[in-house]
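So you know, we letter chains A, B, ... as the sequences are listed, proteins then strands, and number each from 1.
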Amino acid sequence: MTRKQLSQRIAFSTFTLISLVVVAILFVILGFIIVRGASVISWEFITGKPEEGMTKGGILPAIVGTGCLIVGSMIFAFPVGVLSGIYMNEYLGQNRLRRFINFMTNNLAGVPSIVFGLFGMALFVNYLGFGDSIIAGSMTLGLLSLPVIIRTTEEALKSVDDSLRTGSLALGATKLQTIRRVVLPVAFPNIITGLILSIGRVSGETAPILFTVAAYFLPNLPQSMYDQVMALPYHLYVLATSGTNMEESRPMAYGTAFVLIVLVLLVNLLANLLRKTLSKRVKM
Amino acid sequence: MIQAEAKNVNFYYGDFHALKNISMTFEPSTVTALIGPSGCGKSTFLRLFNRMNELIGNTKLEGSVTVDGKDIYARDVQVDEIRKRIGMVFQKPNPFPKSIYENVAYGLRVNGTNKKSVLDEVVENSLKKAALWEEVKDNLRKSAMALSGGQQQRLCIARALAVEPHLLLMDEPASALDPISTSKVEDLIFELKQQYTIIIVTHNLQQAGRISDYTGFFYLGSLIEHDKTQKMFLNPADERTQSYITGRFG
Ligand SMILES: Nc1ncnc2c1ncn2[C@@H]1O[C@H](COP(=O)(O)OP(=O)(O)OP(=O)(O)O)[C@@H](O)[C@H]1O
Ligand SMILES: [Mg+2]
């Protein structure tokens, strides 16, 4: 074996090893939660309300709460984010304003989520008077996911070949028609990626909902968007750190983690499926 | 009669003077070839006629460009109205990632024509004119991306013809194609000239000789010579045309 081949082989083995380690760690985490959590999973756990100081019963209110927050935040953030991305990539061109907006979005993406929580409390809960509510929490989570949605939309649009735009314009299509009929259909499967990433993040965040919507214990399901809700990540936090009987609520905490992970997984699968069908429709 | 005309046109990319005082006329139902070394301004000149240069920022145009006797840069003119009447075929085939049918119907759809019977007829006629119908008539719903490069280019020609343009601009339409597809496209241009006025940029002098009635030779942003193709090739008036045609530069 020459030295060159040898170093090739060493490099290759190193990379393989590292990726195996990463995958292994992931499996250990998942396995740990599945082993600890699966034993509490039951129909009652998923459809029931917490009982006896959250040591018994189920977590339905938290599941419903997180569902509301995912839907609410995306209703708000997805259109706003996608429209901003379109505006930036298709209308702004490469100028100072665009670089400035980019700079600000990047900064926004780096802001710790607890700061979003505080801001959400100040603006939505207090100033706009929504109180602790689904709408206040959703908007806070929506703000948090805006940078990711804007960024992925921009990238998705950037990767659309310019010759398609010129081809469409040369046929007498307006800019808006070009975007709607040619650019967006091509970019949409990739825009969905931004949605997936955001949903994953939104469903797991605790800090932004702490002061804006999350309830410590609220067995009743929400009746309107002005109600408070329980949410999976916060419920997990409560069970793990401040339950009335920590020893006994521990299995419930693992069960909650299990449900949270499965929920995120399901959302990802669904979104991936959506993306596949969409890109198939584009390619046909 | 004059179909299209550029009069004392100067064009600038920023400070760069890309077209220098060019005047040129195009008669109906003729093919005019634009030739010249790379970077001499052929594409820039071509794009004046459907205002595609406007998509590039920081440019300036002086002089006038008229199509069918109308100044297409006049203030009251809607740019998408202009582009509807002037078809363009690009160097690289650029079909939309839609079906063959939707590609051809696109120009009509964006103009608000969605009636199926109308679209069906236009799609068929345009594909026939572009000599593609026989190859795709059973697969109109198939993706245009699945066609070969030569078929894609003919599809793009069909797409441009579907809106019934008065003028057809072609920027090296055959340069990315194999010899067989190239000769198909050339035959096609010969056919199309009955109905359309065609301006075509080409680097292939034999091609210019085969298909064009008139030829314009560009050099460093100027139009050096513009005459009947036969005359240009056999007996050019300018020394620079002579050298280019005989392959001494470019
Ligand atoms: N978008 C642009 N910005 C700045 N300069 C440009 C731009 N497009 C073209 N130019 C310049 O204008 C000149 C003419 O370009 P043009 O593309 O019209 O040449 P061409 O004759 O079509 O060349 P080719 O045969 O290589 O296609 C070139 O010097 C080129 O560098
Ligand atoms: Mg060119």
Novice: Do any of residues 100-109 of chain B come closer than 4.5 Å to chain A, heavy atom to heavy atom, and if so which ones, in number order?
Specialist: Tyr106(B), Gly107(B), Arg109(B)

Novice: Does Glu54(B) CD have over 12 foreign heavy atoms under 6.0 Å away?
Specialist: yes

Novice: For chain A, find its close neighbours in residues 77-85 of chain B: heavy-atom separation under 4.5 Å, sorted by number, or none.
Specialist: Asp80(B), Arg83(B), Lys84(B)

Novice: Hey, is CG on Asn95(A) packed in by over 12 heavy atoms from elsewhere, all under 6.0 Å?
Specialist: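 Buried by this count: over 12 neighbours within 6.0 Å.
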
Novice: Within a radius of less than 6.0 Å around OH of Tyr12(B), do more than 12 heavy atoms belonging to other residues, nucleotides or ligands occur?
Specialist: yes

Novice: Within a 6.0 Å radius of atom OH on Tyr91(A), are there more than 12 heavy atoms belonging to other residues, nucleotides or ligands?
Specialist: yes

Novice: Under a 4.5 Å heavy-atom cut-off, does chain A meet the side chain of Pro165(B), its backbone, both or neither?
Specialist: neither

Novice: As an exercise: rank Arg51(B), Met88(B), Lys92(B), Met52(B) by heavy-atom pairs under 4.5 Å with chain A and give me the winner.
Specialist: Met52(B)

Novice: Flag yes if more than 12 heavy atoms outside Glu90(A) fall under 6.0 Å of its CD atom; otherwise flag no.
Specialist: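 Count over threshold, so yes.
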
Novice: Give me the contact list for residues 146-173 of chain A versus chain B, heavy atoms only, anything under 4.5 Å, ordered by residue number.
Specialist: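 Residues of residues 146-173 of chain A touching chain B at under 4.5 Å: Asp161(A), Ser163(A), Leu164(A), Thr166(A), Gly167(A), Ser168(A), Leu169(A), Ala170(A), Leu171(A), Gly172(A), Ala173(A).
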
Novice: Can you list every pair that meets salt bridge (charged side-chain N to carboxylate O under 4.0 Å, His left out) and has a residue in residues 198-208 of chain A, with sequence neighbours left out?
Specialist: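 Applying salt bridge (charged side-chain N to carboxylate O under 4.0 Å, His left out) to every pair that reaches into residues 198-208 of chain A, excluding sequence neighbours, yields Arg201(A)-Glu205(A).
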
